[in-house]
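Numbered from 1 within each chain, the chains take letters A, B, ... in sequence-line order. From a predicted model like this one, the values you see are computed outputs, not experimental measurements.
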Amino acid sequence: MILHFTLNGQATRVECDPDRRVVDLLRQDLGLTGVKEACGAGECGACAILLDGVPRLSCLLLAAQLAGHEVLTIEGLAGGEAPHPLQEAFARAGAVQCGFCTPGMVLASHALLARQPRPSRQEIAQAIAGNLCRCTGYHKIIDAVRLAAGLSEDDS
Amino acid sequence: MRPVLLPASLEELWPLMRDHPGAAFMAGGSDLLVRLRQGLVDPPAIIGLEGIAELGLVHDEAPGWLFLGAGASHTALLEHSLVQRRLPLLAQALAVLGSPLVRNQGTLGGNLGTASPAGDTLSPLYALEAQVELRSATGSRRLAIADFILGPGRTALQAGEIIYGAWVPLAQDWSLAHFEKVGLRQALAIAVVSLAALISLDDGGVVREARLALGSVGPTVVRPRQAEQALLGRPLDAASLKAAARLVRQEVSPIDDPRASAHYRRQVAGNLLLRLARPAD
Ligand SMILES: Cc1cc2nc3c(=O)[nH]c(=O)nc-3n(C[C@H](O)[C@H](O)[C@H](O)COP(=O)(O)OP(=O)(O)OC[C@H]3O[C@@H](n4cnc5c(N)ncnc54)[C@H](O)[C@@H]3O)c2cc1C
Ligand code: FES
Ligand code: FES
């Protein structure tokens with residue numbers, strides 16, 4: 001099928017099978033390797049993208065479902081050369097070790113901040129509960145989101 | 001390559017169903033696509049339901065009932081004010097279903113269609129005595145949830161029908177609505193045992209009505225009727241709950257599986273009841 005959708009702000013036209021998994025479409029056909037795949041079964045959140053602003057699992061979406069919709073991957077978050085404030089905060093807070101979970105974490109956090117600009121640590125932990133990290137133990141990821149939100153640890 | 005059809009309305013859906021016999025429905029795909037990848041299913045076509053706006057409706061237009069559309073995502077239900085206000089039992093279950101990502105993707109209709117004994121919306125719907133509405137090109141029928149779910153992965157859905165939604169009676173104001181699931185970890189835990197409980201107390205704190213529904217302790221959700229009966233006319237205290245818990249352990253029929261033994265499930269099923277104790281005031 002010829003698929004038309006908006007990818008990272010750009011009108012995109014691509015030919016693919018309608019039942020191609022979105023994670024394969026994005027990584028293999030469109031070269032967006034910031035989208036990661038680990039479990040392929042909804043368990044880890046490494047493949048998270050924003051579909052019309054909502055965090056979704058690209059390993060459990062089919063290409064045809066994107067028609068007419070807006071997709072944001074980590075590559076499109078900053079919208080330019082300079083990193084997005086969330087990416088900046090992840091780096092500053094030491095929230096990135098191997099980095100495999102980071103794109104999904106940043107996108108899930110981005111969706112949270114759009115909804116709740118001043119999240120508590122608890123709210124952040126809940127928002128990233130579907131994104132597994134094998135390295136950081138999560139504390140620094142939560143620190144990073146708080147930092148990006150301009151919250152110090154004295155604020156609640 | 002298999003076709004993925006995305007009708008925008010029920011009028012568009014019916015002819016597609018006729019022209020693609022054997023096609024699988026996909027709502028959020030969080031069960032179907034996992035099973036597809038595991039090679040457990042191999043449908044000739046997939047009919048996606050997400051474009052059918054009316055399946056996403058939640059309303060209380062029929063007096064005494066709350067309607068929950070099959071296509072509503074768990075997140076949409078959890079955030080809906082009617083669900084929060086009128087169905088705290090279901091809201092508690094939705095809050096611990098999968099993860100935020102799974103809740104954004106998965107739907108009520110998918111949870112019903114999968115008919116897993118561990119499906120987290122099912123025990124609340126059993127306790128609430130909800131009905132499931134099925135629709136076809138020619139009509140509609142409503143079944144009590146206990147008649148809709150036939151066994152693990154088996155439902156009363158016939159060829160030509162879709163799950164349209166769930167109807168929840170709002171007849172009662174319950175004194176206590178409690179959902180709890182015991183899993184192997186906090187997030188993304190599949191229930192080893194779950195309990196949905198609705199209790200109505202009179203002014204003296206004596207149980208007037210008790211509805212209990214347990215998940216993952218049998219092929220379908222179990223309503224332990226003897227335990228429910230045993231609570232009637234008694235205060236919700238440790239003694240009455242212990243007696244009911246003993247009955248619960250007799251009434252469930254759990255199995256051993258890699259997540260837990262039948263013995264453990266039986267014990268926990270009873271223990272969960274003890275959490276309902278209210279401090280005397
Ligand atoms: C990582 C992960 C964690 C999970 N954790 C939980 C959990 O904690 N608790 C829980 O209960 N579930 C859990 N699930 C299972 C799943 O997310 C839920 O069962 C969800 O509700 C399925 O909804 P869906 O819309 O994604 O279903 P789909 O996969 O789209 O459909 C499931 C089945 O229902 C049928 N179906 C769907 N809609 C209709 C309809 N309207 N009419 C007729 N048939 C229909 C489909 O054909 C299919 O057979 C988990 C899944 C994953 C991947
Ligand atoms: S790769 Fe999609 S959730 Fe793990
Ligand atoms: S940094 Fe390695 S998985 Fe999170």
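Using a 4.0 Å cut-off between charged side-chain N and carboxylate O, A:E37 and B:R37 make a salt bridge.
For B:E50, the part sitting under 4.5 Å from any heavy atom of chain A is the side chain, from C-beta outward, and nothing else. Neither the backbone nor the side chain of A:R20 comes within contact range of chain B; no heavy atoms are under 4.5 Å apart. At a 4.5 Å heavy-atom cutoff, the contact between A:L61 and chain B is made by backbone and side-chain atoms alike. Heavy-atom distances place the side chain of B:I46, and not its backbone, under 4.5 Å from chain A. In this structure, chain B has heavy atoms under 4.5 Å from both the backbone and the side chain of A:A64. With a 4.5 Å cut-off on non-hydrogen atoms, A:Q65 touches chain B through its backbone and its side chain both.
Considering every non-hydrogen atom in both B:P100 and A:G130, the closest pair reads CD-N, 3.8 Å. The two atoms that bring A:A48 and B:L101 nearest to each other are CB-CD2, 4.1 Å, heavy atoms only.
Between A:M1 and B:V4, every side-chain heavy-atom pair lies at or beyond the 4.5 Å cut-off. The shortest distance between side-chain heavy atoms of A:P18 and B:M1 falls below 4.5 Å.
With values rounded to the nearest 0.5 angstrom, B:L36 atom CG is found 8.0 Å from A:L62 atom CG. Put simply, CE on B:M26 and CG on A:D19 are 10.0 Å apart, with the number rounded to the nearest 0.5 Å.
The environment of A:H139 atom NE2 is sparse: at most 12 non-hydrogen atoms of other residues, nucleotides or ligands sit within 6.0 angstrom. The environment of B:R2 atom CZ is dense: over 12 non-hydrogen atoms of other residues, nucleotides or ligands sit within 6.0 angstrom.
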